[in-house]
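Report on one structure; see the data block that follows.
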2 protein chains.
Amino acid sequence: MSGSKREATVIELPREETQAGRFGKTRDAQSIALLDDYVELISDLLAGTGEARPTDIGRRLGVSHATAIKTIARLKREGLATSRPYRGVFLTPEGEARAALVRARHRLVVDVLLALGVPVEAAEADAEGIEHHVSETTLAAFRDFLKVQRS
Amino acid sequence: MSGSKREATVIELPREETQAGRFGKTRDAQSIALLDDYVELISDLLAGTGEARPTDIGRRLGVSHATAIKTIARLKREGLATSRPYRGVFLTPEGEARAALVRARHRLVVDVLLALGVPVEAAEADAEGIEHHVSETTLAAFRDFLKVQRS
DNA sequence: CCAAAATTGTATCCTTGGCTACACTTCGAT
DNA sequence: ATCGAAGTGTAGCCAAGGATACAATTTTGG
């Protein structure tokens, strides 16, 4: 995924979007979403049982432990997590910060769905997919909406 | 993406989810979303200019025409579209039906976001990502919510 | 303390969405 | 009528997320 697109020698630049524009947008949002899911889950596991194991992570996310380990390696590359062989995974300060943001966003989306009358199970399930596509602008509107609701 | 997972000879079935369960869920939702985007766009182009060309489709979706053509081939395989060399793309009845559903869902999501106070540009942009993750249950709640709003 | 079970890590391979490069039509002007 | 531009199609490559298979390391029950 997310090919290079270099506009090598030929001209052929029909798209107005810059390289930076294309990256960090639709196609790669998915990739970020994956990291967010891992970070949030690891944070939960650490808070809950005190340790986050690749096998548990994989099971919770519905992927094999091998896949989980590969993604954890990526988290480490990105500076979000640390781990040493056979010793579980931990989050860096940045990782924890990210987890906090993700969790807050998740809660906000769920709360809005509930306020709209969505049944709690559906709200939790759908929020998982929705939360990765909500802009900061929309989140702000969500906060305001809930504030008014409560008053 | 979406590997096989056959539980070949070894036992090793740690996940309780069935094969059908894993498919059609998180990981593959993305794949469906892609087809939905194409179908919706093709429908729009046909309605607007009377023809849907691979180059236009690619440009509108921010991918190369080659990528568009590959995905169109997949639409054909799935029975959603038809096309003959150098003659543009058309939708099958199923494709049109799908487009109608997708468009209705898109509108609904946008309307809900607007009702929540999200600025129209953000609403349109975010709906694009959100719409693919909203369950039928949630859509129903959205309809009810708007109905009440209007009254 | 030690063997069996569980967990973790590594090596490959597959599929998919993207891209570039290049070949082949079509179309629009002379 | 023809030539060049624009649009289409095809082939081959890459990266990423997943999977399985197998090796290595804990853990744990006797």
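Order of the sequence lines fixes the chain letters, A, B, ..., with proteins taken first and strands second; residue numbering starts at 1 for each chain. This is a predicted model, so every value here is computed, not measured.
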Most 5' of B:Tyr86 and A:Thr71 on DNA chain D, judged by nearest nucleotide: B:Tyr86

Interatomic distance, B:Leu34 CG vs C:dT16 P [rounded to whole Å]: 12 Å

Separation of D:dA16 P from A:Leu61 CG (nearest whole Å): 19 Å

Nearest-angstrom distance from the residue atom CG of A:Leu35 to P of D:dA16: 11 Å

Residues B:Glu40, B:Arg107: salt bridge by 4.0 Å N-O rule: no

Rounded distance (Å) that lies between atom P of D:dG7 and atom CZ of B:Arg59: 7 Å

Distance test, side-chain N/O of A:Thr55 to OP1/OP2 of C:dT8, below 4.0 Å: yes

Whole-Å gap separating P (D:dG9) and CZ (B:Arg53): 9 Å

Value in whole Å for how far the P atom of D:dG17 lies from CD1 of A:Ile69: 15 Å

Plane angle bin for A:His133 and B:His133 - parallel if under 30°, tilted between 30 and 60°, otherwise perpendicular: parallel

B:Leu108, B:Leu101, B:Val102 screened by side chain to side chain contact (heavy atoms under 4.5 Å, CB included) with B:Arg105, the one that passes: B:Val102

A:Gln30 CD to C:dG17 P, straight-line distance once rounded to whole Å: 10 Å

Distance in angstrom units between A:Arg87 CZ and D:dT26 P, rounded: 6 Å

Any A:Ser64 side-chain N or O less than 4.0 Å from OP1/OP2 of D:dT20: no

Under 3.5 Å: donor-acceptor pair, side chain of B:Ser43, backbone of B:Glu96: no

Heavy atoms from other residues, nucleotides or ligands near CZ of B:Arg103 exceed 12 (cutoff 6.0 Å): yes

B:Thr67 side chain near C:dC19 phosphate (N/O to OP1/OP2, under 4.0 Å): yes

Nearest-nucleotide 5' precedence on DNA chain C, B:Lys70 against A:Ala66: A:Ala66

Presence of B:Arg74 side-chain N/O under 4.0 Å of C:dT16 phosphate oxygens OP1/OP2: no

Check: B:His65 side chain, D:dG7 base, donor-acceptor under 3.5 Å: no

